[in-house]
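First comes the structure, then the notes that go with it.
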There are 2 protein chains.
Amino acid sequence: MEILIVEDEERIANTLKKNFIKEGHHAVVALNGEDAIESMQGSHFDIILLDWRLPKLTGLELCKKLRSTGNDTPIILLTALNDIQNKVDALEAGADDYITKPFSFEEVTARINAVLRRYKATIKKIPFGEMNLNLIDRTVEHENKLIKLSAREFELLKYFLFNKGTIINKEKICKDVWNFDFSPMTNVIEVTVKNLRKKLETEANCSFIKTIYGEGYLFLAD
Amino acid sequence: MEILIVEDEERIANTLKKNFIKEGHHAVVALNGEDAIESMQGSHFDIILLDWRLPKLTGLELCKKLRSTGNDTPIILLTALNDIQNKVDALEAGADDYITKPFSFEEVTARINAVLRRYKATIKKIPFGEMNLNLIDRTVEHENKLIKLSAREFELLKYFLFNKGTIINKEKICKDVWNFDFSPMTNVIEVTVKNLRKKLETEANCSFIKTIYGEGYLFLAD
DNA sequence: AACAATTATGAAAAATTTTTCATCAGTAAG
DNA sequence: CTTACTGATGAAAAATTTTTCATAATTGTT
């Protein structure tokens, strides 16, 4: 797991980091809000532990900033205070949970697991077979490999997943994926299906898209 | 507002529909789960009112199905029963709220507003100026017009929005948007900035991307 | 004002995606 | 086993996106 620790007290930050690494995770420390933003460019984190009091940008401000720019990485605020106002502010700023200092490492991992459990219910990935369609990056993930999809392939796969288990005819695909109201004069659909099949089935070793002769396609997975 | 009413009792469905239309919204009625899925292809709804008991596919099943395929339109379940088990099931299936029958129209609108208030906090749109960057469709929305962005333009705009208010130099843009570790040998960045500017500034009549001579770019909005 | 450095721009070139088309393969039914 | 129809495939063509390049415009400095 990739963990970002945003904490100006180096002692606390390093203790957390050591413990996470001991548990087999990967942890990065940022000593202030600006460093944190810096660290997040390009990299992906599964969770952010964020100190409430930070030099320059406060934890609350950073939290708001991240949320306002569409970043929804789970955030746990670390706060020294234990008054109710904090909790309200924290949740309103878009944090997922908070831990009051001093805390034990066990408490931190417990909170992380709880937050991630909740978060995973809303994560923007659609699983099928051994794969996942990542709706944000528009890629298919399989055993830490990434398959890039073109825009059309992405839309078609999303459509198949939405309708998995039911036969869909080409008129509907044409209408819903291509936004054509008239029926396709050519075989664009078949060609796109072919290309999508190749991408998916080169990676996984099974076929998801079944052809129902004279009727359409049927997507099977799980 | 676009409202989908999934309800097999036509009397209730039509009463709701009439009331919504009277309030200036747009409402579509689906009499069963399959019709509902049909209605959702291609169309967008802001909220779904979903009957608990439906012929064929139950409300709960439909709810689960939508959520499992990445659809996160707010759902309010309409249920005749009032036992705790329902509430738990509803929320676990991914519904946002529930209303027990019989209900008044005022109650429905109140619940809708409450759900939408909560939902909007997590919606995947980044506002800037009079515009919105839609992270799902990868378009810019402005006065019910849509501006299509290419993949690079989208990534660059997202990056600008994430870093708005701070000057970002080209080495960082190159690293974070293009994933090049070496500095750009050509002026791809300037060209992409130019094209993005044209798209945004043809539509809105103001300039968002400011050039800081010798330093980089600065995105200003709000 | 003149100069050097930086940025902007139009247009060509390259790469990629999307569509078309001709042809081959598979299916159902007589 | 044919036949007629439906779907699959490779490759060409068209459209779009991305990059490159030459040149023009702008900025800061002397």
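All chains are named by letter (A, B, ...) in the order of the sequence lines, taking the proteins before the strands, and each is independently numbered beginning at 1.
- Counting any heavy atom pair closer than 4.0 Å across all strands shown, A/K148 reaches no nucleic acid atom.
- When rounded to the nearest whole Å, the span between CD of B/E153 and P of D/dT17 equals 8 Å.
- Between atom CD1 of residue A/I3 and atom CG of residue A/L16 there is a gap of 9.0 Å, rounded to the nearest 0.5 Å.
- At a cut-off of 3.5 angstrom, the base of D/dG10 holds at least one donor-acceptor pair with the side chain of A/K194.
- Across all strands shown, A/V191 has heavy atoms under 4.0 Å from base atoms, whether or not it also approaches the sugar-phosphate.
- As rounded to whole Å, 18 Å separates atom P of C/dT23 from atom CD of A/E190.
- Using the six-membered ring where Trp is involved, A/F219 and A/F160 have ring planes that are parallel, under 30° apart on the 30 and 60° scheme.
- Remark: B/K170 engages B/E190 in a salt bridge, criterion side-chain N to carboxylate O under 4.0 Å.
- When the side-chain nitrogen and oxygen atoms of A/T192 are compared with OP1 and OP2 of C/dT18, none of them lie within a distance under 4.0 Å.
- Distance, A/K199 NZ to C/dT17 C1': 9 Å, rounded to whole Å.
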Dump every N/O contact between nucleotides 27-30 of chain D and the protein below 3.5 Å, one line per pair.
from	atom 1	to	atom 2	distance (Å)
D/dT27	O2	B/Y213	OH	3.0

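- Within the 4.0 angstrom heavy-atom criterion, only backbone atoms of the sugar-phosphate kind lie near A/Y217; the bases stay farther away.
- A sub-4.0 Å separation between OP1 or OP2 of C/dT19 and a side-chain N or O of A/W178 is present.
- Taking the side chain as every heavy atom from C-beta outward, B/E7 and B/L31 never approach each other to under 4.5 Å.
- One interatomic measurement links the two molecules: CG of B/N195 to P of C/dG10, which rounds to 10 Å at whole-angstrom precision.
- Atom NZ in B/K198 sits about 11 Å away from atom C1' in C/dA8, given to the nearest Å.
- Listed pair A/S150 / C/dT17 fails the phosphate criterion, with no side-chain N or O lying under 4.0 Å from OP1 or OP2.
- No side-chain heavy atom of B/H25 sits less than 4.5 Å from a side-chain heavy atom of B/D46.
- A donor-acceptor contact under 3.5 angstrom links the side-chain atoms of B/N187 to the base of C/dT9.
- The interatomic distance linking A/I212 (CD1) with C/dA28 (C1') rounds to 14 Å, in whole Å.
- Salt bridge A/E155/A/R152: absent, no basic N to carboxylate O contact under 4.0 Å.
- Remark: B/E38 engages no residue in a side chain to side chain donor-acceptor pair (under 3.5 Å) (not counting sequence neighbours).
- For the pair A/R197 CZ and D/dG10 P, the computed distance is 13 Å after rounding to whole Å.
- Look at CD1 on A/I189: it is 17 Å from C1' on C/dT17, rounded to the nearest Å.
- Nucleotides of DNA chain C nearest to B/T211 and A/L149 differ in position, and the one nearer the 5' end is that of B/T211.
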